[in-house]
Every structure is written in C-alpha cells, then in structure tokens.
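Note that these values count all heavy atoms, side chains included, but never hydrogens, waters or copies made by symmetry.
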Amino acid sequence: MKTALIQLTSSDDPRKNLATVSDYIDQAVDVGAKFLLTPEVTNCVSSSRDHQRSVLRTEEEDETLPALQDKAKAHGVWLLIGSLGLKTNDPDGRFANRSFMIGPDGAIRARYDKIHMFDVNVSAEETYRESAGYRPGDKAVVVDTDFMPVGMTVCYDVRFPMLYQQLALAGAKVLTVPAAFSYVTGAAHWESLLRARAIETGCFVLAPAQTGTHSASVGNTRKTHGHSLAVSPWGEVLLDAGTEPGIHIFDMDDKSVELARQKVPSLQHIRAFDGP
C-alpha cells in the first residue's frame, strides 16, 4: 500500500497551516498514496497559551478537522490527522492533543487523546510542561481499516513501551507516532525509540513529524527535530524524511508483519511475574 508521511513546519496560524497541509495531501494523492499521515499539532505550533486560547477551537467548531475530512472523502483515502490542538470543557481550561483517523468516506473512524504529557527539563534553556496546557487522555485506541489495524499514539507516548505492547496484543499491525519532537531529544533518542517499538511488537511504526524552526506571531519560536520515519516490523528504517517539509512516500504490506512475528514471536511469550 502506497503510504505518505507529510512533514510540516507548522506556524501558530491554523488557517495558514491548513492551506499547506491541504496542498501536500493533493500532491501525495497525485503520486498514488492511499494512506496519508500528518504530524502532531498539525493545526498550530505555539509556546504561548494565550495565543492558543485565541486561535484554537473545540472539535465541533474547529475549521481544520472538517476541511481535512472533506479532503479524505474527495480523494477516497485514509488520513491520519496526527493531532490537533483543541479546546475542551476541562475546568482548568486545558486543551486536548487529539489524533483522528479519517476514513475514505470522510468519516471520523477513531479519536485518540495523547496519554503521556511531555513534562521535562531538557536543559536550563529548554523546559516543557505539556500538562499545564493539555489534559492527558486515558484510553488506548486501535482502529480497523481496510488494510491493517492501526494503533494510535502521539509523540512522547513513544517512551512508554507497555502502551505499544498492549496495542499490538489488541490486534494492531501498524503503530502511528505523529510528533513534534524536541530538537535536542530527537537527535539523541528519536530513531532508537521508534525502531525499538517496531522490534518489540512486530508492527510497522509510522512517525510523521514537525520539522525546523516554527514561526510565531506571539511568544518564542520553537525548533523541532524532523526526520519523519517509517520503520518495518523487523526494525529497518524504510524512510527517513530528513529535515525538509514535504511529502515522503513508501510502500507497506501486511506480509512483513506476519514474517517478523513468525521469526520472533515475542508477543506470544509474554509472561506474568511478581514485582520485586
């Protein structure tokens, strides 16, 4: 199946970002892609909570979501919207970091709210408190498609292997990891983590990413790692998108999943054990 990872340098202007990603979707479809994936926070990359409050909307009011549903329907393709920042009814005013699987009919087939929040001190100059602005999800999601079952995750989730094991045990053969990965931690850990999740589960791991320096009308600019990756169930890097935005195409088939799991059937060997 011809698959497209769409690598973006999203700004803090949702309408501008929508125009960019819509154009990339058209380009990917023109070269035959049937499953397309965008990165985390496709609609807005911003370090300003005030700016986010001014431009983000609830799922029901958001402009990006229905526009991309229409794109999927018009082209008859599967589309993973890596995630959208969305307002919620959270009493603290926190947003949702929500991933959507859109079917070829334009319908939302599944939603997934990012479970693990990126609260880290990378350095004195680079700290993140995602939980201050976003509420965590609490439900793992596997969605059936007409190609393979897909387990949905987002970015920092990749550091928690038990989530991926559970998705694979629930039937997933493809794991999605849309991201806006830190430039520093990306250089150190991105590829290793994604390859490990593929090897442990015998799944394809597809990770469309934000890249480069993100312009901001309010607040500080942000820099992300890029290098959208597609990893085979055997842990091979099938595609590395480097650091330029654009579309990146590869082929995917379920036979690779079965072959990898036949060689090393580790999911069948999981045993319960007592704690230390």
Asn121/Thr127 under side chain to side chain donor-acceptor pair (under 3.5 Å): CA gap, chis, key distance, verdict: CA-CA 4 Å; Asn121 300 314; Thr127 63; 4.9 Å; no
CA sep, side-chain torsions, deciding dist, call: Thr9, Gln210, side chain to side chain donor-acceptor pair (under 3.5 Å): CA-CA 6 Å; Thr9 307; Gln210 295 280 355; 5.8 Å; no
Arg261 vs Glu258, salt bridge (Lys or Arg N to Asp or Glu O under 4.0 Å): CA-CA, chis, key distance, verdict: CA-CA 5 Å; Arg261 292 180 178 181; Glu258 303 310 321; 5.3 Å; no
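Contact of the Val143 side chain with the Pro149 side chain is not registered, since no non-hydrogen atoms from C-beta on lie closer than 4.5 Å. Leu206 places a side-chain heavy atom less than 4.5 Å from the side chain of Val174. By the 4.5 Å heavy-atom criterion applied to side chains, Leu229 and His248 are not counted as neighbours. For the pair Phe204/Leu175, no side-chain contact is recorded, criterion being any heavy-atom separation below 4.5 Å from C-beta on. Between Leu8 and Ile6 there is a side-chain heavy-atom pair separated by less than 4.5 Å. With a 4.5 Å cut-off on side-chain heavy atoms, Trp78 and Met101 count as touching. Between Ile81 and Leu79, some side-chain heavy-atom pair lies under the 4.5 Å cut-off. The shortest side-chain heavy-atom distance between Asp12 and Val55 does not fall under the 4.5 Å cut-off.
With hydrogens and angles left out, the side-chain atoms of Ser11 and Asn17 include a donor and acceptor closer than 3.5 Å. With hydrogens and angles left out, the side-chain atoms of Ser228 and Gln7 include a donor and acceptor closer than 3.5 Å. Between the side chains of Tyr164 and Thr153, a donor-acceptor pair is found at a separation under 3.5 Å. Using modelled atom types, one finds no donor on one side chain facing an acceptor on the other under 3.5 Å when comparing Thr211 with His225. No side-chain donor from either of Gln165 and Thr201 sits under 3.5 Å from a side-chain acceptor of the other.
Rounding to the nearest 0.5 Å gives a distance of 4.5 Å between CD1 of Ile270 and CG of Leu169. Here the CZ atom belonging to Phe118 is positioned 13.5 Å from the OH atom belonging to Tyr134, to the nearest 0.5 angstrom. Atom OG1 of Thr38 is separated from atom CD1 of Ile102 by 10.0 Å, given to the nearest 0.5 angstrom. Here the SG-CH2 distance, from Cys155 to Trp190, works out to 6.5 Å after rounding to the nearest 0.5 Å. Atom NE2 of residue His227 and atom CG of residue Leu194 lie 12.0 Å apart, to the nearest 0.5 angstrom. Separating the OG1 atom in Thr64 from the CG atom in Asp62 is a distance of 4.5 Å, to the nearest 0.5 Å.
In this pair, Phe35 and Phe147 present their aromatic rings tilted. The plane angle is within the 30 to 60° band.
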Cut-off 3.5 Å, no hydrogens considered: what does the side-chain donor-acceptor table look like for residues 249-256, sequence neighbours left out?
from, atom 1, to, atom 2, distance (Å)
Asp253, OD1, Ser256, OG, 3.4
Asp253, OD2, Lys255, N, 3.0
Asp253, OD2, Ser256, N, 3.3

Would you tabulate the side-chain donor-acceptor contacts of residues 106-114 under 3.5 Å, counting partners in other chains and residues two or more places apart, or write 'none'?
from, atom 1, to, atom 2, distance (Å)
Arg109, NH2, Asp105, OD1, 3.3
Arg109, NH2, Asp105, OD2, 3.3
Arg111, NE, Glu59, OE1, 3.3
Arg111, NE, Glu59, OE2, 2.8
Arg111, NH2, Glu59, OE2, 2.7
Tyr112, OH, Ile115, N, 3.1
Tyr112, OH, Asp157, OD2, 2.6
Asp113, OD1, Arg98, NE, 2.6
Asp113, OD2, Arg98, NH2, 3.1
Lys114, NZ, Glu40, OE2, 3.0
Lys114, NZ, Glu130, OE1, 3.0
Lys114, NZ, Glu130, OE2, 3.1

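Looking at Asn43, its side chain does come within 3.5 Å of a backbone N or O of Gly85 through a donor-acceptor pair. At least one donor-acceptor pair under 3.5 Å links the side chain of Arg94 to the backbone N or O of Ser131. In this structure, the side chain of Thr224 does not engage the main chain of Gly226 through any donor-acceptor pair within 3.5 Å.
Remark: of the listed residues Leu5, Thr42, Leu80, Val41, Leu80 is the sole one forming a side-chain contact (heavy atoms from CB on, under 4.5 Å) with Pro178.
Residue Tyr183 places its OH atom among 12 or fewer non-hydrogen atoms of other residues, nucleotides or ligands, all under 6.0 Å distant. Within a 6.0 Å sphere centred on CG of Asp146, heavy atoms belonging to other residues, nucleotides or ligands number more than 12.
Note on residues 15-35: pairs passing salt bridge (charged side-chain N to carboxylate O under 4.0 Å, His left out), not counting sequence neighbours, are Arg15-Glu63, Asp26-Lys71.
We find that Asp70 and Lys73 are not joined by a salt bridge, their nearest charged nitrogen and carboxylate oxygen being 4.0 Å or further apart. Lys87 and Glu61 are not joined by a salt bridge, as no carboxylate oxygen comes within less than 4.0 angstrom of a charged side-chain nitrogen.
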